[in-house]
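To start, the structure under review is shown below, and the notes come after it.
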There are 2 protein chains.
Amino acid sequence: MNIDEVGEKLVSGLQERSSGSGPKAAHEVLAVVFQIRQDRLCVLVWRRGRPPCEGLWALPGGRLGAAEGLGESIRRQLAQKVDVRDLSHLEQLETRGDPDRDPFGRTLATAYLGLVPAGIDPVVPVDTEWRPVPELPPMAFDHAAMVGSARRRLRAKLSYTNIGFALAPPEFTMSELSRYYRAALGHDVAATNLRRVLLRRGQIEETGQSVPSGRSGGRPAALFRFRARSLEITDAFAVLRPPSG
Amino acid sequence: MNIDEVGEKLVSGLQERSSGSGPKAAHEVLAVVFQIRQDRLCVLVWRRGRPPCEGLWALPGGRLGAAEGLGESIRRQLAQKVDVRDLSHLEQLETRGDPDRDPFGRTLATAYLGLVPAGIDPVVPVDTEWRPVPELPPMAFDHAAMVGSARRRLRAKLSYTNIGFALAPPEFTMSELSRYYRAALGHDVAATNLRRVLLRRGQIEETGQSVPSGRSGGRPAALFRFRARSLEITDAFAVLRPPSG
DNA sequence: ACAAAAGTGTTGACTTTACACCCATGT
DNA sequence: ACATGGGTGTAAAGTCAACACTTTTGT
């Protein structure tokens with residue numbers, strides 16, 4: 001059918017969409033998995049050993065199974081490299097479907113953002129590494145763009161949600177937490193103010209315990225935990241909020 | 001392959017993802033197209049005339065073409081109902097792929113958010129209508145959830161981007177604009193403060209012209225326009241911003 | 001005693017809502 | 001004149017970064 005035949009379409013066109021079977025494309029699910037390691041935001045990537053993009057680095061993931069949901073699929077596939085219980089957060093990012101994004105054939109890809117809390121060290125295959133995001137190696141396909149989307153999403157959500165729970169271990173001191181925030185945001189975060197902001201927003205609470213000071217002295221640090229372990233919007237935008245009346 | 005064979009996967013598993021052709025699923029692209037009509041946020045929907053979901057209302061869209069990008073596809077398909085030049089904004093929302101979202105066969109759907117400026121009235125087919133979002137009719141498949149996602153996305157972006165340019169006509173008075181914001185946000189927006197906020201952020205500017213007052217008198221209203229007609233983040237979150245130093 | 005690290009108090013800048021008041025126009 | 005709607009001034013509330021100061025520990 002000629003898409004210029006708008007007049008005809010205007011009367012009858014809308015109904016034919018769910019008929020026929022149409023072309024089917026391969027669909028894969030990928031994940032940008034972040035973890036903060038040694039005070040740096042790192043992403044889990046593996047090195048491709050064969051074309052296309054041989055030698056470049058790629059995001060983990062793979063083909064969507066015939067009877068799987070999208071989130072279900074990426075969880076399953078990540079379980080082959082990251083202990084699935086270690087994924088503290090998972091959310092969908094974007095779907096890319098440029099006809100030529102994969103030179104070997106039309107493939108759509110849905111990317112997810114996954115987070116692993118700091119402090120654990122999942123066993124990963126030999127071709128797989130955690131790489132610091134600021135020094136991203138040459139990436140296959142459009143995977144670099146996906147890492148960029150994930151980084152922007154994480155930064156934004158750190159500002160108005162409790163997503164820090166997914167970066168931090170179950171308990172932490174404020175100076176540790178401020179280092180996680182610094183790594184993820186890319187700029188300094190003062191522990192003293194971060195404490196007040198997150199306390200006022202009800203995101204964190206004191207555990208009552210504290211950590212002995214190190215060999216160089218200093219006051220012992222109080223331990224905190226996040227009050228919730230799932231995503232919550234704690235601060236709607238400070239702008240254009242509804243009238244208080 | 002058994003996915004419990006983690007040990008094996010850890011050494012060799014990562015490389016087999018781009019081999020083989022795997023199952024292919026049908027893929028469709030849908031759009032949640034919003035327009036503000038008579039001070040109400042409306043969404044473009046059409047009534048299904050055949051199963052599945054016969055009689056329910058559905059979002060416009062359809063199968064992804066074999067050589068089309070996703071955004072390209074929804075633009076083409078919307079051109080059959082909305083004059084494509086009238087789409088002032090288009091962005092990807094989410095992809096849904098529950099195995100049973102379409103009872104007639106596995107279908108993935110990528111949803112877009114589209115906006116049409118107020119004041120125009122595109123010709124639409126007979127089975128297609130603009131329906132107020134607060135009184136959404138019974139929707140087919142998971143389309144109601146997509147409308148919900150779109151509404152949340154629009155509300156959020158009104159707070160920190162210039163996305164108002166896509167809701168408003170090229171020129172407008174502040175009381176008109178405040179009605180568009182009220183319809184989209186769902187709560188009152190005072191024209192007097194909206195003016196200052198958007199001016200300070202550099203989103204809008206005066207055209208220099210004004211509109212004569214109506215039959216009931218009143219001071220003539222100044223005409224404004226948006227300075228940019230593409231999406232810009234005008235106000236990074238007021239929280240956790242980088243140190244000024 | 002002194003250094004080091006954690007935590008508190010306080011200030012100032014900025015942003016936004018609320019509301020009283022002034023302005024320009026039609027009847 | 002007066003009603004009507006547009007526009008300005010200003011106050012009050014809230015949030016956050018900056019920084020000086022205090023507390024608690026190890027050497």
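The chains referred to below are lettered A, B, ... by the order of the sequence lines, with proteins before strands, and numbering in each begins at 1.
With a 4.5 Å cut-off on side-chain heavy atoms, A/Leu87 and A/Leu115 do not count as touching.
Residue pairs meeting the side chain to side chain donor-acceptor pair (under 3.5 Å) criterion with at least one member in residues 135-146 of chain B, sequence neighbours excluded: B/Arg40-B/Glu135, B/Arg101-B/Asp142.
For the pair A/Pro220 and B/Leu223, both in contact range of DNA chain D, the more 5′-proximal nearest nucleotide belongs to B/Leu223. Looking at which nucleotide of DNA chain C each of B/Ser216 and A/Ala221 is closest to, the 5′-most match is held by A/Ala221.
Closest to the side chain of A/Arg215, from the set C/dC19, D/dT27, D/dT24, is D/dT27. Relative to the side chain of A/Ser213, the nucleotides C/dG7, D/dT25, C/dA24 differ in distance, and D/dT25 lies closest. Of the candidate nucleotides C/dT17, C/dA24, D/dG7, C/dT17 has the atom nearest to the side chain of B/Asn193.
If you take CG of B/Leu199 and C1' of D/dG7, they are 12 Å apart, rounded to a whole angstrom. Across the protein-nucleic acid pair, B/Arg201 atom CZ and C/dT15 atom C1' stand 9 Å apart, rounded to whole Å. At whole-Å resolution of the value, CG in A/Leu194 and P in C/dG7 are 12 Å apart.
At a cut-off of 3.5 angstrom, counting only N and O atoms as typed in the model, there is no donor on one side facing an acceptor on the other between the side-chain of A/Arg196 and the base of C/dG7. The base of D/dG26 is not paired with the side chain of A/Arg219 by any donor and acceptor separated by under 3.5 Å.
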Task: Residue pair A/Glu171, A/Thr207: steps toward the side chain to side chain donor-acceptor pair (under 3.5 Å) verdict - done: CA-CA 8 Å; A/Glu171 303 194 341; A/Thr207 67; 4.5 Å; no
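Residue contacts for B/Ala190: at a heavy-atom cut-off of 4.0 Å it reaches no nucleic acid atom on any strand shown. Heavy atoms of A/Ala222 sit under 4.0 angstrom from primed sugar atoms or phosphate atoms, though from no base atom.
Within the structure, every side-chain polar atom (N or O) of B/Arg195 is placed at least 4.0 Å from both OP1 and OP2 of D/dG6.
Atoms CG and NZ, on B/Leu113 and B/Lys157 in that order, are 8.5 Å from each other to the nearest 0.5 Å.
Between A/Phe165 and A/His89, the ring planes lie perpendicular to each other; the angle is over 60°, past the 30° to 60° tilted range.
Near DNA chain C, meaning a heavy atom under 4.0 Å from it, residues 168-179 of chain B has no residue at all.
In terms of modelled atom types and a separation under 3.5 Å, the side chain of B/Gln35 and the main chain of B/Pro117 share a donor-acceptor contact.
Applying the side-chain hydrogen bond (donor to acceptor under 3.5 Å, both in side chains) test to A/Gln92 and every residue at least two apart in sequence or in another chain returns A/Tyr112.
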